[in-house]
Amino acid sequence: QLQLVESGGDSVQAGGSLTLSCAASGYPYESYCRGWFRQGPGKEVEGVAYIDKEGKTVYADSVKGRFTISKDTAKNTHSLQMDDLRPDDTGMYYCAVYPARFDCVMVPQRGGLHHFWGRGTQVTVSS
């Protein structure tokens, strides 16, 4: 099993920056995908950034050039550096660890076998 805890969410002005961290405890699942997802007010959960076991990254078009996902295998953590934040980036941000499929570009199933989610951290961006 794996427990994930996000941290780093806050309220910031547009143009500001935040770094979200996801601390994992339990089996390392080194071959699995790691990702960041968000759910804005009244919106579906969407993928923001993904990183595979080799460190290859993929980003949603809306965050390309502004967000950077990274991981530290030794510490079993992964992070999301968010720059030039916009009001549309507001939402609950979740980290997840899940088996590799579709080059990691997917929204893992909550409650799915070996699909692990954190409880989320709130990001609010004001104009």
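Hydrogens, waters and symmetry mates play no part in the numbers below; they use all other heavy atoms, side chains included. This one's a predicted model, so the numbers in the text were calculated from it and none came from an experiment.
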Requested in this report: Would you mind listing every disulfide (SG to SG under 2.5 Å) that reaches into residues 34-72, with sequence neighbours excluded?
Outcome: none
Report task. Not counting sequence neighbours, which residues clear side-chain hydrogen bond (donor to acceptor under 3.5 Å, both in side chains) with Arg86? List them please. Result -> none
Report task. Could you list all the ring-ring contact (aromatic ring centres under 6.0 Å, His included) pairs where at least one residue sits in residues 6-39, not counting sequence neighbours? Result -> Tyr27-Tyr29, Tyr29-Tyr32, Tyr29-His114, Tyr29-Phe116, Trp36-His78, Phe37-Tyr50, Phe37-Trp117
Report summary line: For residues 71-85, the salt bridge (Lys or Arg N to Asp or Glu O under 4.0 Å) pairs (sequence neighbours left out) are none
Query - Listed once per pair and sorted, the disulfide (SG to SG under 2.5 Å) pairs that draw on residues 87-127, sequence neighbours left out - result: Cys22-Cys95, Cys33-Cys104
Report task. List in chain and number order the residues that pass side-chain contact (heavy atoms from CB on, under 4.5 Å) with Gln39, two or more places apart in sequence or in another chain; answer none if no residue qualifies. Result -> Val45, Tyr94
**Report entry** Partner residues of Ser62 under the side-chain hydrogen bond (donor to acceptor under 3.5 Å, both in side chains) criterion, sequence neighbours left out
**Finding:** Arg38
Query raised in the report: Quick one: does Asp89's side chain get under 4.5 Å of Val48's, heavy atoms only?
Result: no
Query raised in the report: Taking only residues two or more places apart in sequence, or in another chain, which ones meet Thr73 in a side-chain hydrogen bond (donor to acceptor under 3.5 Å, both in side chains)?
Result: none
Query raised in the report: Does the side chain of Leu80 come within less than 4.5 Å of Thr19's, by heavy atoms?
Result: no
Query raised in the report: Would you say Glu6's side chain and Gly120's backbone share a donor-acceptor pair under 3.5 angstrom?
Result: yes
Query - Euclidean distance, Thr124 OG1 relative to Asp10 CG, rounded to 0.5 Å - result: 8.5 Å
Report task. Kindly write out the residues that satisfy side-chain contact (heavy atoms from CB on, under 4.5 Å) with Thr57, not counting sequence neighbours, or none if the list is empty. Result -> Ile51, Tyr59, Ile69
Query - Nearest atoms (heavy-atom pairs only) where Pro87 meets Ser126 - result: CG-C, 4.4 Å
Query raised in the report: Are any side-chain N or O atoms of Ser79 and backbone N or O atoms of Ser21, one a donor and one an acceptor, separated by less than 3.5 Å?
Result: no
Query raised in the report: Under a single-linkage definition using a 4.5 Å side-chain heavy-atom cutoff for Ile, Leu, Val, Met, Phe, Trp and Tyr, are Val63 and Met92 assigned to the same hydrophobic cluster?
Result: no
Query raised in the report: Any side-chain heavy atom of Glu46 within less than 4.5 Å of one from Val107?
Result: no
Report task. Identify whether Leu4 and Tyr98 are in the same connected component of the hydrophobic contact network (ILVMFWY, side-chain heavy atoms under 4.5 Å). Result -> no
Query raised in the report: Should the pair Arg34-Asp52 be classified as a salt bridge under the 4.0 Å nitrogen-to-oxygen rule?
Result: no
Query raised in the report: With sequence neighbours left out, which residue pairs that include part of residues 54-63 fulfil the salt bridge (Lys or Arg N to Asp or Glu O under 4.0 Å) condition?
Result: Asp61-Lys64
**Report entry** ring-ring contact (aromatic ring centres under 6.0 Å, His included) partners of residues 6-25, not counting sequence neighbours, each pair once
**Finding:** none
Report summary line: d(Gln81 CD, Ser17 OG) to nearest 0.5 Å is 6.0 Å
Report summary line: Shortest non-hydrogen pair, Val125 vs Thr90, comes out as N-OG1, 2.9 Å
Requested in this report: Kindly determine whether Gln122 and Tyr93 satisfy side chain to side chain contact (heavy atoms under 4.5 Å, CB included), including the steps that lead there.
Outcome: CA-CA 6 Å; Gln122 177 68 36; Tyr93 281 69; over 6 Å; no
Requested in this report: For the residue pair Val12 and Leu18, establish whether any side-chain heavy-atom pair is separated by less than 4.5 Å.
Outcome: yes
Query - All pairs passing salt bridge (Lys or Arg N to Asp or Glu O under 4.0 Å) where residues 99-120 contributes a residue, at least two apart - result: none
**Report entry** Full working for side chain to side chain contact (heavy atoms under 4.5 Å, CB included) between Thr121 and Val5
**Finding:** CA-CA 9 Å; Thr121 185; Val5 178; over 6 Å; no
Report summary line: Heavy-atom nearest pair, Leu20 first then Gly9, reads CD2-N, 3.6 Å
